[in-house]
**Student:** 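Let me give you the structure first, and then I'll get to my questions.
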Amino acid sequence: MTDFSDPIYTNADSARKHLEKLRWPDGPYCPHCGELDQITKLKGKSTRPGVYKCRTCRKPFSVTVGTLFERSHIPLNKWLLAVHLLSASKNGMSAHQLHRMLGVQYKTAWFMAHRIREAMRPSSYGPMGGSRKAVEVDETYFGKREKPIESPQRKGRPFTKKGKGGPRNKMAVLSLVERGGSVRTFHIDQASAATVREILVRNVSRETTLYTDESNLYTKTGAEFGRHETVKHSAGEYARGAVHTNTVEGYFSIFKRGMKGVYQHCAEKHLHRYLSEFDFRYNHRQIGDDERAMVAVKGIIGRRLTYRWTAERAASA
């Protein structure tokens, strides 16, 4: 059980030293030029703790330079506590809850949460599956699209289904789950056979066995892989021996429980970060909360997310 009285969660100086051990296990190095040896720790009453100077490029730096925490006025102990809370909460933690627990403004907690989700995003991907391995694939729909898909048959008006939105006016999510392994989830603009094929061939080894439902989205693409088995949900079939999609359906239940019960509303432009958060917790489900939080902290290196960057991306979306 996590001890929240640990100094790394209550004292900014202890949190900084903890972060230095994680980032610099062999001693500090310059994030500007990469120098390892010519490093001096600055001391003095007018110097804040944890500042170093590189004698090669002559630039000062601290452990937060080049990370998501750079130039943040929020104490590092609150950052580490926020990372732990998001990493340990199975269904996520709302910005309102973070703002109450951390003692920061709501908009600050909201932006902290988005930065942490960015740290949870994997820096690289390898192929899923392989020979004698299985990957379950399925899509789901939830929420409401910001811009409904227009119907050419209805002269540009949005699709409707009994006066309501229907799947076409909901946000579409595609998940790939390797049995006994990891999950990758994608926000797709529209669930089509072409979109699904592109994601599958880029992320799944061709020798893999695919398990899907009877949807036409997977019929042709499934033939390009080692084997393709389906279950017919429309006929009430949910498992036929090893043939099922229960693993990916279980992941969707966690995802929707969090999105509907905790976050309640998610703008479509931010959905990819929430998906990274749920994927991260699922992919590190077999380790403890403390270890999972430390994995997330290590993901802060080399990534920055600023208000200006967010505004520019939102304007171009």
Side-chain angles (χ1 to χ4, degrees), residues 2 6-87 98 102 104 108-126 272-273 276-277 279-280 283-284 287-313:
T2 302
D6 190 312
I8 67 171
Y9 299 126
T10 59
N11 182 272
D13 193 50
S14 297
R16 175 185 54 79
K17 293 177 181 178
H18 179 72
L19 191 58
E20 287 179 351
K21 290 180 181 179
L22 287 177
R23 187 178 183 185
W24 299 328
D26 301 320
Y29 63 87
C30 178
H32 302 294
C33 67
E35 176 62 50
L36 297 172
D37 300 321
Q38 303 296 316
I39 305 297
T40 302
K41 187 173 184 178
L42 300 182
K43 299 179 180 180
K45 294 183 179 179
S46 61
T47 304
R48 58 189 172 87
V51 177
Y52 298 81
K53 187 172 183 178
C54 174
R55 295 200 296 270
T56 300
C57 68
R58 305 184 66 81
K59 292 181 179 179
F61 64 90
S62 69
V63 70
T64 61
V65 171
T67 74
L68 285 175
F69 301 161
E70 184 174 354
R71 296 188 179 183
S72 173
H73 297 286
I74 303 166
L76 276 178
N77 57 298
K78 292 191 176 184
W79 270 115
L80 293 185
L81 180 56
V83 171
H84 189 284
L85 292 172
L86 272 177
S87 300
L98 279 177
L102 299 179
V104 297
T108 301
W110 181 90
F111 197 69
M112 288 176 71
H114 275 294
R115 280 186 169 182
I116 294 169
R117 292 183 187 109
E118 187 70 13
M120 291 176 171
R121 176 177 54 84
S123 58
S124 61
Y125 292 101
H272 65 287
R273 293 200 189 96
S276 295
E277 175 191 344
D279 282 1
F280 174 83
N283 293 339
H284 297 87
I287 60 178
D289 292 342
D290 291 334
E291 190 177 354
R292 191 182 309 112
M294 292 307 102
V295 173
V297 169
K298 291 178 180 179
I300 68 172
I301 301 171
R303 296 175 180 176
R304 287 206 63 195
L305 190 63
T306 65
Y307 284 101
R308 178 179 298 178
W309 185 89
T310 304
E312 289 175 352
R313 178 161 183 167

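These values consider heavy atoms only, across backbone and side chains, with no hydrogens, waters or symmetry-generated copies.
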**Student:** Heavy atoms only: give me the nearest Ser62-Trp24 pair and the separation to one decimal.
**Tutor:** C-CH2, 3.9 Å
**Student:** To the nearest 0.5 Å, what is the distance between OG on Ser14 and CG on Asn77?
**Tutor:**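 The CG atom of Asn77 is 8.5 Å from OG of Ser14, to the nearest 0.5 Å.
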**Student:** So how far is it from Leu19 CG to Ile8 CD1, rounded to the nearest 0.5 Å?
**Tutor:** 10.0 Å
**Student:** Can you list the steps and then say if Val295 with Phe280 is a side chain to side chain contact (heavy atoms under 4.5 Å, CB included)?
**Tutor:** CA-CA 10 Å; Val295 173; Phe280 174 83; 3.8 Å; yes
**Student:** Do the side chains of Glu118 and Arg121 get close enough for a salt bridge, i.e. N-O under 4.0 angstrom?
**Tutor:**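 Counted as a salt bridge, because a side-chain N and a carboxylate O are separated by less than 4.0 Å.
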**Student:** I need the minimum non-hydrogen distance between Cys54 and Cys57, along with the two atoms involved.
**Tutor:** SG-N, 3.4 Å
**Student:** For the residue pair Lys78 and Ile74, what are the closest heavy atoms and their distance?
**Tutor:** CB-CG2, 4.0 Å
**Student:** Work out which heavy atom in Val65 is nearest to a heavy atom in Pro31; give both atom names and the distance.
**Tutor:**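 Of all heavy-atom pairs spanning Val65 and Pro31, the closest is CG1-CG, 3.7 Å.
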**Student:** Roughly how far, to the nearest 0.5 Å, is CE of Met112 from CG of Leu86?
**Tutor:**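 Between Leu86 CG and Met112 CE, I get 9.0 Å after rounding to 0.5 Å.
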**Student:** Which value, rounded to the nearest 0.5 Å, describes the distance between Lys17 atom NZ and Leu22 atom CG?
**Tutor:** 15.0 Å
**Student:** I need the His84 NE2 to Met294 CE distance, nearest 0.5 Å.
**Tutor:** 7.0 Å
**Student:** If the plane angle is over 60° it's perpendicular, under 30° parallel, otherwise tilted; pick one for Tyr52 and Phe61.
**Tutor:**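 Correct class here is parallel.
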**Student:** Passes side chain to side chain contact (heavy atoms under 4.5 Å, CB included), Arg23 versus Ile300? Steps please.
**Tutor:** CA-CA 10 Å; Arg23 187 178 183 185; Ile300 68 172; over 6 Å; no
**Student:** CZ of Arg55: more than 12 outside heavy atoms within 6.0 angstrom?
**Tutor:**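 Buried by this count: over 12 neighbours within 6.0 Å.
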**Student:** So, for Thr67 and Thr64, which heavy atoms are closest and what is the spacing to 0.1 Å?
**Tutor:**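 Nearest heavy atoms, Thr67 then Thr64: OG1-O, 2.6 Å.
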**Student:** Quick one: pull up NE2 in His18 and CG in Leu76 and give me the separation to the nearest 0.5 Å.
**Tutor:**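 Between His18 NE2 and Leu76 CG, I get 11.0 Å after rounding to 0.5 Å.
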**Student:** What pair of heavy atoms forms the shortest contact from Arg117 to Ser276, and how long is it?
**Tutor:**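 Taking every non-hydrogen atom into account, O-CB, 3.9 Å.
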**Student:** Salt bridge or not for Glu277 and Arg273, using N-O below 4.0 Å?
**Tutor:** no
